[in-house]
Q: 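Shown below is the structure under consideration.
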Amino acid sequence: MGGYGDVQMIDDNGIRVDGRTAGDIRPVEIRAGVIPVADGSAEVIWGTNHVIAAVYGPMEAHPRKIQKQDRAVLDVRYNMAPFSTTDRMRPGFNRRSREISKVTAEALETVVLTELYPRSKIRVEIEVLTAEAGTRCAGITAASVALADAGIPMTDMVISVASGKINGIVVCDLNKEEDNYGEADLPMGICANSGDLVFLQMDGDLSPEEFQQAWDYNMESIGPVHELMIEALEKANGGES
Amino acid sequence: MGGYGDVQMIDDNGIRVDGRTAGDIRPVEIRAGVIPVADGSAEVIWGTNHVIAAVYGPMEAHPRKIQKQDRAVLDVRYNMAPFSTTDRMRPGFNRRSREISKVTAEALETVVLTELYPRSKIRVEIEVLTAEAGTRCAGITAASVALADAGIPMTDMVISVASGKINGIVVCDLNKEEDNYGEADLPMGICANSGDLVFLQMDGDLSPEEFQQAWDYNMESIGPVHELMIEALEKANGGES
Amino acid sequence: MGGYGDVQMIDDNGIRVDGRTAGDIRPVEIRAGVIPVADGSAEVIWGTNHVIAAVYGPMEAHPRKIQKQDRAVLDVRYNMAPFSTTDRMRPGFNRRSREISKVTAEALETVVLTELYPRSKIRVEIEVLTAEAGTRCAGITAASVALADAGIPMTDMVISVASGKINGIVVCDLNKEEDNYGEADLPMGICANSGDLVFLQMDGDLSPEEFQQAWDYNMESIGPVHELMIEALEKANGGES
Amino acid sequence: MAAPPVPELLRAHLTELAKNDERLDGRGRFEGREVQIETGVLPRAEGSARVVMGDTIVLAGVKFQIMTPYPDRPTSGGFMTSAEVRPVSGVHWEAGPPSPAAIELGRVVDRGIRESGCLDMSDLCILPGEKAWQVILDVFALSDDGNLFDAFATAAMAALRTAIIPGERFDVGEDRPLPVSKKPMMCSYHRVGGRFVYDAVRREEIGGAERIHITLGDDDHVHSLQKGLKGAFTADEFAEIMDHARQRCAELRNMIE
Amino acid sequence: MAAPPVPELLRAHLTELAKNDERLDGRGRFEGREVQIETGVLPRAEGSARVVMGDTIVLAGVKFQIMTPYPDRPTSGGFMTSAEVRPVSGVHWEAGPPSPAAIELGRVVDRGIRESGCLDMSDLCILPGEKAWQVILDVFALSDDGNLFDAFATAAMAALRTAIIPGERFDVGEDRPLPVSKKPMMCSYHRVGGRFVYDAVRREEIGGAERIHITLGDDDHVHSLQKGLKGAFTADEFAEIMDHARQRCAELRNMIE
Amino acid sequence: MAAPPVPELLRAHLTELAKNDERLDGRGRFEGREVQIETGVLPRAEGSARVVMGDTIVLAGVKFQIMTPYPDRPTSGGFMTSAEVRPVSGVHWEAGPPSPAAIELGRVVDRGIRESGCLDMSDLCILPGEKAWQVILDVFALSDDGNLFDAFATAAMAALRTAIIPGERFDVGEDRPLPVSKKPMMCSYHRVGGRFVYDAVRREEIGGAERIHITLGDDDHVHSLQKGLKGAFTADEFAEIMDHARQRCAELRNMIE
């Protein structure tokens, strides 16, 4: 094991190309209140990933046909900026973005107390400024902070992280270089307090044992990220932002 | 006569490549009630053509701007499935489909008692699963059966069939191979009882005499198809489907 | 000066390729009431440019979300017909047309007494049938006449004309041949009576002195065009059209 | 412009008129409006015509592009008709992508020309398998007071028969006239007040029912038919309008170069 | 068709049923509807299948096109899945561009197949850097009474495993079967009345909450997961449905050639 | 965020302030907000800048692609500006295809750069007739508190003047700086409370009338003008703002590398 063609991404001591061990996530920075005109916002720098989330609302939902009588609608957009990737991303319709927007909205709807705001809309805008690997996870995490920064009541905070497999070894939080040779990707969105899952995707190839290892790495990673989220919110609300 | 370049589609005894004489239509099978979740449905197999029609409604028409105060709107869509043709059909906008949907709706509106359902909408979905030649005729015929299967009151049933010209000879109901060398196509939609026309198109080249012959072939063909329609409806309503 | 590569567009006596001097505009013809079914219309032939404007309304604005409670909306469309240019123009979305429509609407809104018609819409359709250079100016001028022909109250009439630079010399109203070698373009929309500006664009390269010269040429050109506009309206309302 | 007519009142009025075999503008059932045809009206088009029929005014422009022939027909050029009826031509035509009505208009005009065989596609070949002319016919409504179908079809034939293939501009030989071997002409009929009339004006269209479009070529050959809108007609009714179409198409044919 | 259910009443009814561990149609929590699979049903497709699960009926068709390989993978062909759920298949599916729900359907079915590695892309190469086969899988719903995901995934595998690469028609060698090395199968679970059930019908979907889609390959390897809709689940709940999926996917795998 | 202002009350308030020659945030008529410019902020772009003007924050990123030159200019590269103002940047910007306002923004920023001639298109040629660089400038709003035009134009110049042509990545020679020979700068003025002010904040835009955008290059040459929104202005008013623009553009020019 440990070889995929002639590219070895993990050395014999289990150290990855950027010096991490199998269960380590990349360095993470989180700031809240970064978009002055938004009702709430956050910036997540996760490795080289750079993601902004802004929240507007609750506001009246229109056109009226999108209104729900008993709750607020979460209108979530995930988008990659044209300069976020090595080859420029053309703006416009994109099936991948539509799907990520949908599953992100469904994850956040689970924790936002939408029933407090019938007939209204809460806009959540996620913009990827620089993409490495794991932008959907960084986006969900940033959106959680932005919703809290906007003062939207939530039952829990969602943290999202992905484990994967490379050179036949399960590792946590693949970076771009690893992802190019990756054999599986298991992103999960986990509630900080309850430990429940609100977001789950996976593709690739994982044996039952590998699957369990990847699952466990994700579960173990959320604690430190949750602390950074809370610090960012405290700092923003302490008026230092 | 009887030659078009070096391709002879009709032999000296007037027999066509598939064994039919000039006035014969292809074998036809009709079934009603084939889509369990629809309010009415039908399947028409006409030669190799395979067409499904489903009817939903009458239901409230929305958005409100499409409502008619004095009658129901017939919302008809004719579509060719991507796997219906030798070269895959790309899904999406298509001027030919739009035009066929329009003339089909206009033909059916003539016989449906739309004034019984003001402000409502009746959806008619025509899907071509396998296309040979004459799909618009098979679609109109299938839609008539599906409307009847849905219990929508009608003044008459519409049967549609097309005659054409090949090797300078007028023949009824061209198949794909003949259509590739066809010199004209005259599809008509005829009311089973009144004999009135509610659908008419034509393109190609027909002398006045040839035109009359093609017209007559169409008129003569509808009787047997009408019987199959009635049998299909009886079988479906008899609970045997 | 006077040379751009080996193409000399102005001779040593200051005479341009079509015989004009620097400050001359091209021959202009204006007719009102040319579209029988419109509420007001005009045709402007400006050199080889051929532009039609039609006005419909005031009418109820719908969908309701485009209504303004205190005034009429001016719904202006500038379009180049497919046969208006040497290479056929493909119909459909076009950023240039959208921008010209927007600035044209904003120019005309300034003089139309839109507050007389709350919640209504006035449609202004500008169609370029033959394009030379300066179609946006011809379009604004034609729309002014069409609005007057429709009896829409206005505080003033807008005349639009463009000056430019070629071979380093500032000249008024570039034709197509000149425009191909043009170094700047300054289109302005000027109110006939007040002299105020309601439309202004510019691109290219003009020194401060050149800019002033171009500005002055435009200001001096509007008088004669205004007279043609008035004559056209008088002729149309005199029943001679 | 008059206030938009209330269809029900208009329908009743048209039925009343029909009882006395009259029409809104005093014409007979099968009497067409005066037709004016002018060619060469669009300097940027290689062929063009303006047709005026009462208050209906349309333009047709022919342009040429160089195309790569389709693999299965290496020596054939192409022909395409585009009818986007823009909102300039009437309060009832709205902006946006082509409506189903505009799509039908373009396709019916196109079929009448294409199916008559009046354009010899192999004559449009420049270099087999590599280059051929594509003829693009743009029909354009300026003022729609009814019967755009016939106005478009007439303008189209007038524009095509005066079009010049611009070989020199594209550097592929000399300019030469586009060969158009036949003159297919269209006649349209609307059911108004219960019976079919020829060349309906807009208010007859609004208050009428189904319409039938007939394109006939030389020797009365039928090249295209289209029934539009809700309504049923009998074989006898069709025979009557077909008779009139034969006579009227011949008259129109003589008005074209 | 029954009147569209009022979600709140339906939700209460489903909760009541769940208390007694019952379902709307009498099935057990993890009991699937009978599955009928028929292949070769679409004469114009190079591979096809119809799958019937209760009142849910779907088709899958496989077509081939010739593509130019991407510059960075000159010896690889391509695979594409298209799921446009058309309005024929239910009153709740509307016309227009693919809805987010249809996009998700297509992408989840696609990933289960693609990520299992069952299609060897290098086997689809015809001429390195110049020509390769693109496999296009169209899944098409005829009647949606719930669980289109599993119906599509099953039909897709049945169609792919009987598909013939049409070398002769494209003049690039002989016809030969498309090699499909594995059989990834999908099982879907919906939270209904508080607990997860397998193979929900449409009314369970309407009155339910989140859903989980699991695609497992040979040897129980996981190839694709997707959680959809609002809702949270625990690790224990997931373990329970994963256990069932392992057993059920094996059963389904045996129903495919 | 404050509640959305009622335009009429806001308009009255702005008029009142104008009487005393005051502004909402205490600035003078022709006083701009502090401008912060940071370059190299986007690691995936070949040139980038962030500009902060009060609560307005924008990004500009420069990317390169290889294009085939247009047949009539075989030795020229290309330049394209894209401004899709996404809904992240303010409650008033909605999702969907670019609005007319966003189209105008992109086109005005583009013209100021393009028409100044600061980019030498022939320098972008790689192989005449075959390959040339296309420069793509994406301007991106993060927070719109007014005057996106100037923020975009400033960020664009800062990004372009630090951009590196990525020859090595595309295997067409060495990396080298994009040559940008001039520094066209934009100043924008809004009519607020009856008179023109420089660098309006969002609430001044909402309660104001027309706006004028002036792009000046080295030696005060005029490269681009644009008047936007309903409103009329006099020649004298224009002369006054042109005077200020000359001075302010020179100041901004000095802030850029």
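Convention: sequence-line order gives letters A, B, ...; per-chain numbering from 1. Just so it is clear, the model here is predicted, and its values are computed rather than measured.
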Q: Looking at B/Asp70, I want to see if its CG is surrounded by more than 12 non-hydrogen atoms of other residues, nucleotides or ligands under 6.0 Å.
A: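 It does: B/Asp70 CG has more than 12 such atoms within range.
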Q: Pick whichever of B/Gly40, B/Ser41, B/Ser84 has the most heavy-atom pairs under 4.5 Å with chain E.
A: B/Ser84
Q: For atom CD of E/Glu257, is the number of surrounding heavy atoms from other residues, nucleotides or ligands below 6.0 Å larger than 12?
A: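 Atom CD in E/Glu257 is not packed in, count stays at 12 or less.
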Q: Which bit of E/Ser48 is near chain B, if near means a heavy-atom gap under 4.5 Å: side chain, backbone, both or neither?
A: neither
Q: Which heavy atom of B/Arg123 sits nearest to which heavy atom of E/Pro87, and what is that distance?
A: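 Minimum heavy-atom separation between B/Arg123 and E/Pro87: NH2-O, 2.8 Å.
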Q: Rounded to the nearest 0.5 Å, what separates atom CZ in B/Phe83 from atom NZ in E/Lys63?
A: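 Reported value, rounded in 0.5 Å steps: 10.0 Å.
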Q: Looking at side-chain heavy atoms only, is the closest gap between B/Leu129 and E/Arg44 below 4.5 Å?
A: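 Contact flag for B/Leu129/E/Arg44 side chains = no.
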Q: Taking B/Asp87 first and then E/Arg169, would you say they form a salt bridge - that is, a charged N and a carboxylate O separated by under 4.0 Å?
A: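 Yes.
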Q: Could you please state which residues from residues 130-157 of chain B sit under 4.5 angstrom from chain E, measuring non-hydrogen atom to non-hydrogen atom, sorted by number, or 'none'?
A: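 Against chain E, the residues of residues 130-157 of chain B that fall inside the cut-off (heavy atoms, under 4.5 Å) are B/Thr130, B/Ala131, B/Glu132.
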Q: Rounded to the nearest 0.5 Å, how far apart are CE of B/Met89 and CG of E/Asp138?
A: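 Going from the CE atom of B/Met89 to the CG atom of E/Asp138 covers 11.5 Å.
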Q: Pick one of side chain, backbone, both or neither for E/Ile136, based on which atoms fall under 4.5 Å of a heavy atom in chain B.
A: side chain
Q: Can you tell if the side chain of E/Ile57 reaches within under 4.5 Å of the side chain of B/Ile35, non-hydrogen atoms only?
A: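 They are not in contact (no side-chain heavy atoms under 4.5 Å apart), so the answer is no.
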Q: Using non-hydrogen atoms only, which part of B/Ile52 is less than 4.5 Å away from chain E: side chain, backbone, both, or neither?
A: side chain
Q: Taking all non-hydrogen atoms of both residues into account, name the closest pair between E/Asp145 and B/Val37 and its distance.
A: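 What the structure gives for the nearest pair is CB-CG1, 3.9 Å.
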Q: Got a salt bridge between B/Glu125 and E/Arg86, using NZ or NE/NH1/NH2 to carboxylate O under 4.0 Å?
A: no
Q: Please state whether the side chain, the backbone, both or neither of B/Thr85 comes within less than 4.5 Å of a heavy atom of chain E.
A: backbone
Q: Taking E/Ala45's backbone N and O only, do any of them form a donor-acceptor pair with B/Arg88's side chain (distance below 3.5 Å, no angle check)?
A: no
Q: Is it true that, when you exclude E/Glu174 itself, more than 12 heavy atoms of the residues, nucleotides or ligands shown sit nearer than 6.0 Å to its CD?
A: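 At most 12 heavy atoms, drawn from other residues, nucleotides or ligands, come within 6.0 Å of this atom.
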Q: If we define contacts as heavy-atom pairs under 4.5 Å, which of E/Gly96, E/Gly61, E/Gly54, E/Pro98 has the most with chain B?
A: E/Gly61
Q: Examine whether an atom of B/Val55 lies under 4.5 Å from a heavy atom of chain E, and if so say whether it belongs to the side chain, the backbone or both; otherwise answer neither.
A: neither
Q: Counting heavy-atom pairs closer than 4.5 Å to chain E, which one of B/Pro82, B/Ala54, B/Gly57 comes out on top?
A: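 Result: the option with the highest number of such pairs is B/Pro82.
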Q: Might you confirm whether atom CD of B/Glu177 has over 12 heavy atoms from other residues, nucleotides or ligands at distances under 6.0 Å?
A: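 Count not over threshold, so no.
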Q: Within the distance-only criterion (no hydrogens, no angle test), does the side chain of B/Tyr56 pair as donor or acceptor with the backbone N or O of E/Val88 below 3.5 angstrom?
A: yes
